[in-house]
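One-based numbering, in listed order, for ligands and for the atoms of each.
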Amino acid sequence: MTDTSHPRAIFRTRQLEEAAGDGHNPTANPTMGEIIAARFSRRSFLKGSMAATAISATVAPLALVAADRARADTAQGSRFGFTELEAGVDADHHVADGYSADVLLRWGDPVFADSPAFDPANQTPEAQARQFGYNNDFIGYIPIDGSSEHGLLVVNHEYTNEHLMFPGVVTVENGEMVVAPADRNRVDVEMAAHGGTIIEIAKRDGKWQPVLDGPLNRRITTMTPMEVTGPAAGSPRLRTVADPTGTAVFGTLNNCAGGVTPWGTYVMSEENFHGYFMGTLPEGHPEAANYERYGVPNESYEWGRFHDRFDLSKEPNEPNRFGWVVEVDVMDPTSTPKKRTALGRFKHEGAESIVAPDGRVVFYLGDDERFDYVYKFVTAGAYNPDDRDANRDLLDDGTLYVARFDEEGSMEWLPLVFGEGPLTAENGFASQADVLIETRRAADLLGATPMDRPEDIEPNSSNGRVYVMLTNNTKRTEANAANPRVDNAFGHIIEIAEENGDFAATTGTWEILLKCGDPSVADVGATFSTETTSNGWFGMPDNCSVDSEGRLWVATDGNSPSDTGRTDGLWAVDTEGDARGTSKLFYRVPVGAEMCGPRPTPDLATFFVAVQHPGDGGEDWEEFGRVSYYEDLSTRWPDFDDAMPVRPAVVAITRIDGGPIGS
Ligand code: FEO
Ligand code: CA
Ligand code: CA
Ligand code: CA
């Protein structure tokens, strides 16, 4: 499946996601196409015409823009009172009027008092391992002494973009980038730029700053020793030449969204792990079908040329040691992060959690692949708010469920338990370890509903609902109830109501909160409220956050000049009352970037956001019109200094008058 003629390391996200989605799900679970064709008579058969229509529709005359603004400011019953930002595309980031957006941490910034200064022309793995990593994604805020002005920021570093990071690696041939093969130093810098950062931050003199001598500051990388725990720990399928115990893994990678547990640990999810493996399995190797289901190998990275564990011919079991959820105890910087296998193995997008009425803890988990599934994990034990240690290994024991969305708006959470239903020896499962290592195949057999790329999923304690971001899927030819559009270019959001508001329930109901895209283009079939302006709609929902007032914020991945006539950003989405389905633009990223993070502080005075891969693209932006790489960038955000490359960064947004965000 790997296209070896593809120049490596270009447009990394797209490449991984495109390669990832090519129909690896072999099941024919009922898609209910016929039933739904009747219920949702408007479907999009747009293909090539869609992009052009979307652009022309977004170029509103000035008078319409003014009217738009007035409409947004007076949206009936909206819980968001800010003045909406104008959508668009340029080299800088922008926030709504009355707010300031300050860069807090950039790629290469020091994480420790003795971190070496950032020297982009002479990068080393040793320096990078002491500096803020690349492509910040999930952001968690863990208050110190309950403060919203002093805490630990935990940040995932999902992946690396070599063409933006390193000087002298790109040549342009016929308008296309070709990236030179990596040397050992470059590979090791990439590995050190992955993982996560834990860093103390404080608001001093009204401005957020990193505390570089914070005793809990830590970098986690692809080299950090980790322990495998839970039912799959020690499985023969996890044993390697380097680790005959099947319990000790170096590092974590492609950490996308994530979570902070009620007991204050940092949860990192491993998403597109398939892209890091190269080589071929030995002839007749028993993992062949398993790896096919996960798209391994993909060869987006060249790490296997220098590190045996990323070469299937040398360490054929290594891919089974990735695709897990990792838990990090941030209160002990020497602690060994744990790969918690009870939560399943797939392309984990996020791991937001909530305490159910009986004290068990529920984690919502998306598997970001076309036609893959929505999961949740319910701990066996109850959370103890008075004894942090008592929660230490809650994530090793519990039940993993996968969602089946039924056509009448009901749903069932199906348990992935060895020995139950089809999850038996007859189907090739010898233990719960096997069920978890091959989570996707187990879910196929249970009849889960294939979805349009499940991304972040966020529970809302204030109304008992759960929001599921489904980013897009242009390969769907048959709709189902929960994925009602074929050729779903702009994605949608599902709202789940768990039975009796109990997040641990095994049944619930659901409805579609939003079908995304430009509502002024009828064939798109978007369902934003009529109060939503030409700035307020978006496509491709990805990360999300529910703030302490129970309001939903949606970050996007994939809006661009050619797709939607706007960059990615952060949108405020009403979910209640008359304003339900109304969306307003609050913040937008520079050209080429994706919006990640979003994390409000508990007091709502600050909103942290992550600007990921700025400058990754520019061909479809009129003002630039060519490929963007280290020596010729579509933006040099945030420094705008010719001596500095473009840098992914975390931004702290505050209200200039000091009030709560978004009100
Ligand atoms: Fe890392 Fe699914 O986005
Ligand atoms: Ca993303
Ligand atoms: Ca989230
Ligand atoms: Ca995405």
S.K.: Salt bridge or not for D109 and R106, using N-O below 4.0 Å?
M.R.: yes
S.K.: What N/O/S atom of D542 is the closest to the Ca ion (ligand 4)?
M.R.: OD2
S.K.: For atom 2 (Fe) of ligand 1, which N, O or S atom of D368 is at the shortest distance?
M.R.: OD2
S.K.: Any N/O/S atom, side chain or main chain, of E594 closer to the Ca ion (ligand 4) than 3.0 Å?
M.R.: no
S.K.: Which N/O/S atom belongs to E158 and is the closest one to atom 1 (Fe) of ligand 1?
M.R.: OE2
S.K.: Tell me, please, if E455 has any N/O/S atom, main chain or side chain, under 2.8 Å from atom 2 (Fe) of ligand 1?
M.R.: yes
S.K.: Which of the N/O/S atoms in E349 sits closest to atom 2 (Fe) of ligand 1?
M.R.: OE1
S.K.: Short question: side chain of R370, backbone of R453 - any donor-acceptor pair under 3.5 Å?
M.R.: no
S.K.: Look only at the side chain of N488 and the backbone of G491, and say whether a donor-acceptor pair between them is shorter than 3.5 Å.
M.R.: yes
S.K.: Donor-acceptor pair, Y266 side chain versus V155 backbone, under 3.5 Å?
M.R.: yes
S.K.: Does C256 put an N, O or S atom under 2.8 Å from atom 1 (Fe) of ligand 1?
M.R.: yes
S.K.: Could R440 and D367 be called an ion pair, given the rule that one side-chain N must be under 4.0 Å from one carboxylate O?
M.R.: yes
S.K.: One thing to verify: whether D90 and R588 come together as a salt bridge, which I'm taking to mean a side-chain N less than 4.0 angstrom from a carboxylate O.
M.R.: yes
S.K.: Are R345 and E270 close enough for a salt bridge, meaning some N to O gap below 4.0 Å?
M.R.: no
S.K.: Under 2.8 Å from atom 2 (Fe) of ligand 1, is there an N/O/S atom belonging to E271?
M.R.: yes
S.K.: Give, rounded to 10 degrees, the angle between OD2 (D557) and OE2 (E455) as seen from the Ca ion (ligand 4).
M.R.: 150°
